[in-house]
Amino acid sequence: QVQLMESGGGSVQAGGSLTLSCAATGYHYSTYRMGWFRQAPGKEREGIALITSNVGTATHYADSVQGRFTISRDNVKKTVSLQMNNLKPEDSGVYYCAAAEVVGAPSLAPAAFLYWGQGTQVTVSS
């Protein structure tokens, strides 16, 4: 089992940057796929970035963040980060990190992820 806790949220003006971090506890962290999700008020939770497990780390991004966000992981420190650049007001929401067991092809669907953090708020003002 994996426990996750996000940090690094806050308020920023459009065009600015933020880095979110997620710390994991538990066994076998490096074997999990890790993802970042966000949820705006009244909207469904959206998968935005995924990084595969330690066997050849590959990344996947939603079109909405491709080229602006970068996901990375440190398997020694058991952390996963999300560097967010050129932020837009529509990036506002609660951001969650999540862990998925390696089953099938990588997917940004929330249902594919087993463990979730509590979330951290990101607010981007225009």
Side-chain angles (χ1 to χ4, degrees):
Q1 189 170 358
V2 176
Q3 293 81 41
L4 304 170
M5 180 173 291
E6 304 90 344
S7 62
S11 297
V12 65
Q13 289 190 329
S17 298
L18 278 176
T19 300
L20 304 182
S21 185
C22 175
T25 58
Y27 294 104
H28 309 303
Y29 165 78
S30 63
T31 66
Y32 288 91
R33 292 170 181 157
M34 298 301 297
W36 283 97
F37 296 77
R38 67 186 180 191
Q39 188 166 19
K43 294 189 177 181
E44 293 185 354
R45 191 167 297 188
E46 172 192 18
I48 57 173
L50 176 151
I51 187 164
T52 57
S53 64
N54 63 337
V55 182
T57 51
T59 56
H60 303 266
Y61 297 96
D63 290 344
S64 58
V65 306
Q66 180 75 48
R68 300 188 297 122
F69 291 11
T70 302
I71 187 172
S72 60
R73 68 187 297 164
D74 186 324
N75 288 333
V76 175
K77 295 181 179 179
K78 294 185 179 181
T79 59
V80 59
S81 297
L82 186 69
Q83 173 67 43
M84 306 186 293
N85 297 326
N86 191 21
L87 283 160
K88 304 175 181 181
E90 52 264 40
D91 293 319
S92 298
V94 179
Y95 281 68
Y96 301 88
C97 70
E101 295 179 335
V102 180
V103 178
S107 170
L108 283 171
F113 287 75
L114 189 60
Y115 304 109
W116 293 84
Q118 293 299 308
T120 186
Q121 177 70 44
V122 171
T123 302
V124 184
S125 58
S126 57

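Everything numeric here is computed off the predicted structure, so don't read it as measured data.
- Residues forming a salt bridge (charged side-chain N to carboxylate O under 4.0 Å, His left out) with Glu90 (at least two apart in sequence, or on another chain): none.
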Legend entry - Evaluation steps, side-chain contact (heavy atoms from CB on, under 4.5 Å), between Leu82 and Ile48: CA-CA 10 Å; Leu82 186 69; Ile48 57 173; 3.9 Å; yes
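- At least one donor-acceptor pair closer than 3.5 Å links the side chain of Tyr29 to the backbone N or O of Thr79.
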Inset, instruction - Please assess Asp91 against Met84 for the test side-chain contact (heavy atoms from CB on, under 4.5 Å), listing each intermediate value before the final yes or no. - result: CA-CA 9 Å; Asp91 293 319; Met84 306 186 293; over 6 Å; no
Inset, instruction - Please report the C-alpha distance between Ile71 and Val80 in whole Å, then the side-chain angles of each, then the deciding distance to 0.1 Å, and finally whether the side-chain contact (heavy atoms from CB on, under 4.5 Å) criterion is met. - result: CA-CA 7 Å; Ile71 187 172; Val80 59; 3.8 Å; yes
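- One hydrophobic cluster, built from ILVMFWY side chains closer than 4.5 Å, cannot hold both Trp36 and Val102; they sit in different ones.
- Between the side chain of Glu6 and the backbone N or O of Gly119 there is at least one donor-acceptor pair closer than 3.5 Å.
- Two residues are said to be in side-chain contact when any heavy atoms from C-beta on lie closer than 4.5 Å; Gln39 and Pro110 fail this criterion.
- Side-chain contact between Arg38 and Val122 is absent, with no heavy-atom pair separated by less than 4.5 Å.
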Sequence neighbours left out, cut at 3.5 Å: what donor-acceptor pairs do the side chains of residues 14-25 make with other protein atoms?
unit_1: Ser17; atom_1: OG; unit_2: Asn85; atom_2: OD1; d: 2.9
unit_1: Thr19; atom_1: OG1; unit_2: Gln83; atom_2: OE1; d: 2.4
unit_1: Thr25; atom_1: OG1; unit_2: Gln3; atom_2: OE1; d: 2.9

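- Side-chain contact check for Leu4 versus Tyr96: every heavy-atom pair is 4.5 Å or farther apart.
- What you find for Phe113 and Ala100 is that their closest heavy atoms are CD2-CB, 3.5 Å.
- Contact between Ala62 and Glu46 at its shortest, heavy atoms only, is CB-OE2, 4.4 Å.
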Inset, instruction - Would you check, one step at a time, whether the test side-chain contact (heavy atoms from CB on, under 4.5 Å) holds for Leu87 with Phe69? - result: CA-CA 9 Å; Leu87 283 160; Phe69 291 11; 3.8 Å; yes
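- To the nearest 0.5 angstrom, Met34 atom CE is 13.5 Å from Thr57 atom OG1.
- Taking hydrophobic clusters as Ile, Leu, Val, Met, Phe, Trp and Tyr residues chained together by side-chain heavy-atom distances below 4.5 Å, Tyr115 shares a cluster with Ile51.
- Residues Leu50 and Val2 are members of separate hydrophobic clusters, defined by side-chain heavy-atom contacts under 4.5 angstrom among Ile, Leu, Val, Met, Phe, Trp and Tyr.
- A centroid separation of less than 6.0 Å is found between the aromatic rings of Trp116 and Phe37.
- Cation-pi check for Arg68 over Tyr61 is not met; the charged atom does not lie both under 6.0 angstrom from the ring centroid and within 45 degrees of its normal.
- The salt bridge (charged side-chain N to carboxylate O under 4.0 Å, His left out) pairs that include a residue from residues 19-37 number zero, where partners must be two or more places apart or lie in different chains.
- Using a distance-only test at 3.5 Å, with no hydrogens or angles considered, a donor-acceptor pair links the side chain of Thr52 to the main chain of Ala58.
- In this structure, NZ on Lys88 lies 13.5 Å from OG on Ser126, to the nearest 0.5 angstrom.
- Between the side chain of Ser92 and the backbone N or O of Val124 there is at least one donor-acceptor pair closer than 3.5 Å.
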